[in-house]
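This is a predicted model, so every value here is computed, not measured. Protein chains get the first letters and strands the later ones, always in sequence-line order, with residue 1 at the start of each.
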There are 2 protein chains.
Amino acid sequence: MAAAEEDSLRSVSIAFSILDCFALTPELGPSAVAREVGIAKSTASRMLAVMASRGILERREGGRYRLGLRLFEYGQLALFRLNLFEISVPILADLRDRVRDLVQLGIPVGAEILFLDRFEAQNLDLRFHGEAWRRVPAHSSSSGRAVAAFNPAVARTVFEAGLIRRTRYTVVDPRRLSEILVQVRERGYASTDEELEEGISSVAAPVLVTDEQGVRAVAAVSVVGPSRRLRRGGTGTIGAHVQDAAHRIGIALSA
Amino acid sequence: MAAAEEDSLRSVSIAFSILDCFALTPELGPSAVAREVGIAKSTASRMLAVMASRGILERREGGRYRLGLRLFEYGQLALFRLNLFEISVPILADLRDRVRDLVQLGIPVGAEILFLDRFEAQNLDLRFHGEAWRRVPAHSSSSGRAVAAFNPAVARTVFEAGLIRRTRYTVVDPRRLSEILVQVRERGYASTDEELEEGISSVAAPVLVTDEQGVRAVAAVSVVGPSRRLRRGGTGTIGAHVQDAAHRIGIALSA
DNA sequence: CGCTGCGTTCGCCCCTGGCGAACGGTCGCG
DNA sequence: CGCGACCGTTCGCCAGGGGCGAACGCAGCG
């Protein structure tokens, strides 16, 4: 993972490499960072101090650091500036009209999926409205699988968090989940069948983006509905629609 | 706004100052950045290129740049690592039990408030469930006002976006909103009365954080309910509860 | 009690990173 | 049309900043 770095603007590259370290470990001190990035301990110490003074990192007891609030704010700003909502709203509304079920846009937050937006069809069961989750475990949701299959960092977090059982259908065996993720990569979309809640199924596709770091999923589009109806409609057809919507959002994001 | 910068680790400080530039303007080129930060145009050009190569920024047509997806991902990571949910869930659940109404946690995204989590009381009207907003205009929501009152950058965005009318009670006069924000700062909490939807009122308090940059709001806790019930309960009492919850989250965030 | 690890501090010396100038392109106005 | 103003990019230079290593003080542990 390390090495092969363009080292123009050395210190700037180092700074962001340091940020990347915190993707894997919540809290780090200068020594660990120095080891990880391949710089002198003293340099790491200085770097961390500067970044902490800007709120990018947060200094904790004992000279260790963690990601700071400023980063969280930058994220909100980026979310806004990338026009994620403006881009996705018409696409998701269109998808909802096609599948006539609940459509959601979710992003990974740790080992959970946080739903940012939701589009409800007219003919939905009322019981859905009552049980309106904001966050769900990634391993037992189609959105989570869609993202994890195309984002190693997320997958790692999911496996590390552990696969807790939600229903008797929930996949809790890591090996089994790995196989599922392989299938997801092959098919291009993910699904769950009563794994989060009995009687409820879902289909999701990853929103993929491409940049210098490669291709990875940053979000997912999902369709949720009663297992009976989703099965009747055929997850294949829905899968295609969901995939199309997610793909279009990905394209627009990078435009 | 500029100047008075600690200039140890010059280039790193510059890099993050550049990021700050994009808080105000969506898209910038080297010249503009150089002017803003006070560096040479060539330096800005190089910096932007490096940051773009890391996905922090995104290069657009014509050598201009905007915030990149990587920043969005860092934000998600920070959200996770700051334990915002773990911290807020018990506090919000407690608040819900006190006020026995809908409790929400929201963050600013541009001129809108995005609700991250929601806690519903048992005795809620069913109509609420149907109309479950994810995002609302900041100017006509109590959460938006709570954040804007304690975060100049957000306030700026809100005023620039324009105050669109939602109901006949919506405050659409910028001057009037300014006065309201002053009141919010004085009282410590914000409220709206049928401004987003007729018959619905809300009370919100800012989640404040303190660091080297000063004090500012990064989120808001709000209580929403039928205007009748909220008025009966007295917004003052609810305000105190909401303020307390928001305060506790803020404290825990910086712990 | 030593040993190992941590985080911090200091001084040095080299190299990188910031600067200014020059270049090519584009736009808009006279 | 052509000039000028502005843009983004590139180049070479030179100095001072920054990364390094060593030394320090401190915990934790065997």
Please give, in whole Å, the distance from [N] [atom2] to [X] [atom1]?
X     : N      : atom1 : atom2 : result
B:R64 : C:dT26 : CZ    : C1'   : 13 Å
B:R35 : D:dC7  : CZ    : C1'   : 10 Å
B:E61 : D:dT9  : CD    : P     : 12 Å
A:I18 : D:dG19 : CD1   : C1'   : 12 Å
B:I39 : C:dT16 : CD1   : C1'   : 16 Å
B:L28 : D:dC7  : CG    : C1'   : 14 Å
A:R46 : C:dT9  : CZ    : P     : 12 Å
A:L48 : C:dT8  : CG    : P     : 8 Å

Query raised in the report: With nearest nucleotides of DNA chain C determined for A:Y65 and A:V12 from heavy-atom distances, which residue corresponds to the more 5′ nucleotide?
Result: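 The residue mapped nearer the 5' terminus is A:Y65.
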Requested in this report: Would you kindly compare A:G62 and A:S11 by the position of their nearest DNA chain C nucleotide and give the one closer to the 5′ end?
Outcome: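 Of the two residues, A:G62 wins.
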Between [Y] and [X], is there a salt bridge with N-O shorter than 4.0 Å?
X      : Y      : value
B:D94  : B:R248 : yes
B:R156 : B:E160 : yes
A:R216 : B:E73  : yes
B:E58  : B:R66  : yes

Query raised in the report: Quick one: is the NZ or CZ of B:R135 closer than 6.0 Å to the six-membered ring centre of A:F85, and within 45° of its axis?
Result: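 Ring-cation test returns yes.
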Query - Cation-pi check, A:R70 onto A:Y74 ring (under 6.0 Å, within 45° of axis) - result: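 Because its charged atom sits under 6.0 Å from the ring centre and within 45° of the axis, A:R70 does stack over A:Y74.
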Query raised in the report: To the nearest 0.5 Å, how far apart are OH in B:Y65 and CD1 in B:I18?
Result: 10.0 Å
Report task. Tell me yes or no: between the side chains of B:R54 and A:S17, is some donor less than 3.5 Å from an acceptor? Result -> yes
Scan nucleotides 26-29 of chain D against the protein and return all N/O pairs shorter than 3.5 Å with their distances rounded to 0.1 Å.
none

**Report entry** Identified side chain to side chain contact (heavy atoms under 4.5 Å, CB included) counterpart of A:M47 within the set A:P30, A:S42, A:S11
**Finding:**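 Among A:P30, A:S42, A:S11, the one that satisfies the side chain to side chain contact (heavy atoms under 4.5 Å, CB included) with A:M47 is A:S11.
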Report summary line: Assert: residue with more 5' nearest nucleotide on DNA chain D, out of B:P30 and A:I14, is B:P30
Filtered N/O pairs between nucleotides 10-12 of chain C and protein, under 3.5 Å:
none

Query raised in the report: Below 4.0 angstrom from OP1 or OP2 of C:dG7, is there any side-chain N or O of A:S31?
Result: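 Checking C:dG7 against A:S31, a side-chain N or O does come within under 4.0 Å of OP1 or OP2.
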Query raised in the report: Does the side chain of B:T43 get closer than 4.0 angstrom to OP1 or OP2 of C:dG17 through an N or O atom?
Result: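 For C:dG17, neither OP1 nor OP2 has a side-chain N or O of B:T43 closer than 4.0 Å.
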Report task. Tell whether A:K41 reaches the base of D:dG21 with its side chain through a donor-acceptor pair below 3.5 angstrom. Result ->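 Answer is no: no donor-acceptor pair is held.
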Query - Base D:dG19 to side chain A:R10, donor-acceptor N/O within 3.5 Å cut-off - result: no
Query raised in the report: So, for A:V242 and A:A205, which heavy atoms are closest and what is the spacing to 0.1 Å?
Result: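 In this case the closest contact between A:V242 and A:A205 is CG1-N, 3.3 Å.
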